[in-house]
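The structure appears below as structure tokens.
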Protein chains: 2
Amino acid sequence: MSDEPHFLKQATADESETKAMRIARKSATEATLEPLQLGQRVRAIRLSQNLTLEEASKRTGLARSTLSKIENEQISPTFSAVNKLVHGLGIDIPQLFAQPRTGASAGGRRDITRKGEGKPHPTPTYEHELLATQLTQKKMVPFRTRVHTRTFDEFDEWIRHEGEEFLYVLSGEILFYTEFYEPVTLNEGDSAYYDCTMGHALVSTSEQDAEVLWVTA
Amino acid sequence: MSDEPHFLKQATADESETKAMRIARKSATEATLEPLQLGQRVRAIRLSQNLTLEEASKRTGLARSTLSKIENEQISPTFSAVNKLVHGLGIDIPQLFAQPRTGASAGGRRDITRKGEGKPHPTPTYEHELLATQLTQKKMVPFRTRVHTRTFDEFDEWIRHEGEEFLYVLSGEILFYTEFYEPVTLNEGDSAYYDCTMGHALVSTSEQDAEVLWVTA
DNA sequence: AACAAATATTTCTTATAGGAAACAAGAGCA
DNA sequence: TGCTCTTGTTTCCTATAAGAAATATTTGTT
């Protein structure tokens, strides 16, 4: 993992950011990751369940007016509000943060992802490359992951979430830790299927980072 | 800021077992109070990347003070703030919203399939090797397939069934035919996600049989 | 210890989210 | 037509998140 460039630190005169810079930075970041129309998605989900704002309000514990404003993208809900939404209505989590992109027509959907052209999503422990991100509303979420963890200590807690997961080792050797089993070594071509509610974690035991294919449902 | 004095860089299975158990116990007890400790997680991630609040601030575009408050759970960040966090630092999405389910309720199923040890299922066109066959009642059905079809003529009709399918090319080159699209060439590392109700078929265009990984849901 | 530099927290202000209620638009129905 | 019920939007006010700057804390060095 690359460190923060040090040359940033020795700037003394440049330390103070001009207002112009700040504004530029602000609009830059917001431009790149703001097109996240949460509202549209919430409305679509609510309507698909034939719920009125009032009913959705009851389920989520959010005021009718608040829901309306969220759906019309007049406000950016707080984390706790999003949580209520997610749990109140059943919202597909991974999709929430994925870029929507204009999906194909309803009938025969198809999405091709070329090697290395998925959507990168690095984390401290894994380096994910999300596949088939053009399609939303999928049953499965596929991604290719580079495991650069080398010791189990690098995890501060189990990874644990809803659903089931299929794992296939593309290259390298990994140690597959699970909460209720002995850790097991997996080599290229080996695979595993498991309950995600059970804590799990991967560690690369090979020279290079191991690469795995993961599919969650 | 030097690295943590981890004297043993390679964790043996035994040492990790200890840690694994500790974590298991910890998360089990914490499950009682579950106000979704986003802050703790953010802090853990930031520190694991050896970032200061200032550096994290630069990456995320959030004020230093805001980050501090989020980490100390003094505020509930807005959705857009969470987004900046998620993208700025790499945060594992499903983790964020997943209820910290206690391990107790978790049906911890797991099934390992070694390379080549799946259940063979040959057909005239494909040679499937079903994976994770020990487990029943799965949401997904994963299998590794050797494609020895060489021309599209060998299919007398479209393959078509319920559900969605994810396809990943392990080796060789294939031509991916679908009912509503032009056929497309896929090479090793490419992948596709599609509606199975749409007719589909694979043909190997490489010297040897191509190999693909398939997951159906 | 004393100091300086780096890092984190708190305070204060402004911007904005959330909720209650008013308002608007529409759909029956007498 | 007027009335009422339902649903979604808007207004207004309060609660609270976000940012800037001040303050506190930690860390490293002599």
> In terms of the nearest nucleotide of DNA chain D, which residue is placed more toward the 5' end: A81(B) or S68(A)?
Replying inline: S68(A)
> Side chain of Q74(A): nearest nucleotide among dA18(D), dT10(D), dA17(C)?
Replying inline: dT10(D)
> Between F79(A) (CZ) and dG18(C) (P), how many Å, whole number?
Replying inline: 13 Å
> Take atom CD in Q208(A); do more than 12 heavy atoms of anything else shown fall under 6.0 Å from it?
Replying inline: no
> Separation of K84(A) atom NZ from dA17(C) atom C1', in whole Å?
Replying inline: 12 Å
>> Without decimals, in angstroms, what is the distance between N83(B) CG and dA17(D) P?
In response: 17 Å
>> Between N72(A) and dG8(D), is there a contact of a side-chain N or O with OP1 or OP2 at under 4.0 Å?
In response: no
> Does a salt bridge link R64(A) with E54(A), judged by any charged N lying under 4.0 Å from a carboxylate O?
Replying inline: yes
>> Check the orientation of Y193(A) and F166(A). Use parallel for under 30°, tilted for 30 to 60°, and perpendicular for over 60°.
In response: tilted
>> Tell me the interatomic distance from L62(A), atom CG, to dG8(D), atom P, rounded to whole angstroms.
In response: 15 Å
> Whole Å only: how far is the CZ atom of R46(A) from the P atom of dT7(D)?
Replying inline: 10 Å
>> Classify the ring geometry of H200(B) against W214(B): parallel below 30°, tilted from 30° to 60°, perpendicular beyond 60°.
In response: perpendicular
Report all interatomic pairs (protein N or O, nucleotide N or O of nucleotides 20-28 of chain C) with separations under 3.5 Å.
from, atom 1, to, atom 2, distance (Å)
dA20(C), N6, S65(A), OG, 3.1

> If you draw the axis of the six-membered ring of Y194(A), does the NZ or CZ of R110(B) fall within 45° of it and under 6.0 Å from the ring centre?
Replying inline: no
> For E54(B), which contact category applies under a 4.0 Å heavy-atom criterion: base, sugar-phosphate, or nothing?
Replying inline: nothing
> Run the salt bridge (Lys or Arg N to Asp or Glu O under 4.0 Å) check on R46(B) and E55(B) step by step: do they pass?
Replying inline: CA-CA 9 Å; R46(B) 176 175 64 83; E55(B) 291 164 322; over 6 Å; no
>> Can you measure I70(A) atom CD1 to dT16(C) atom P for me and round it to whole angstrom units?
In response: 16 Å
> Under 4.0 angstrom, heavy atoms only, what part of the nucleic acid is L67(A) near: base, sugar-phosphate, or nothing?
Replying inline: nothing
> Quick one: which of dA17(C), dT9(C), dT9(D) gets closest to the side chain of R43(B)?
Replying inline: dT9(C)
Show me the donor-acceptor pairs within less than 3.5 Å that the side chains of residues 184-192 of chain B make with the rest of the protein, sequence neighbours left out.
from, atom 1, to, atom 2, distance (Å)
E188(B), OE1, K115(A), NZ, 3.1
E188(B), OE2, K115(A), NZ, 3.3
D190(B), OD1, K115(A), N, 2.7
D190(B), OD2, R114(A), NH1, 2.7
D190(B), OD2, N187(B), N, 2.8

>> What is the distance, to the nearest angstrom, from the CG atom on L51(A) to the C1' atom on dT6(D)?
In response: 15 Å
> Pick the nucleotide of DNA chain C nearest each of L47(B) and T78(B); which residue has the one closer to the 5' end?
Replying inline: L47(B)
> What nucleotide among dA8(C), dA18(D), dT9(D) has an atom nearest to a side-chain atom of L53(A)?
Replying inline: dT9(D)
> Rounding to a whole Å, what distance do you find between I75(B):CD1 and dT11(C):P?
Replying inline: 15 Å
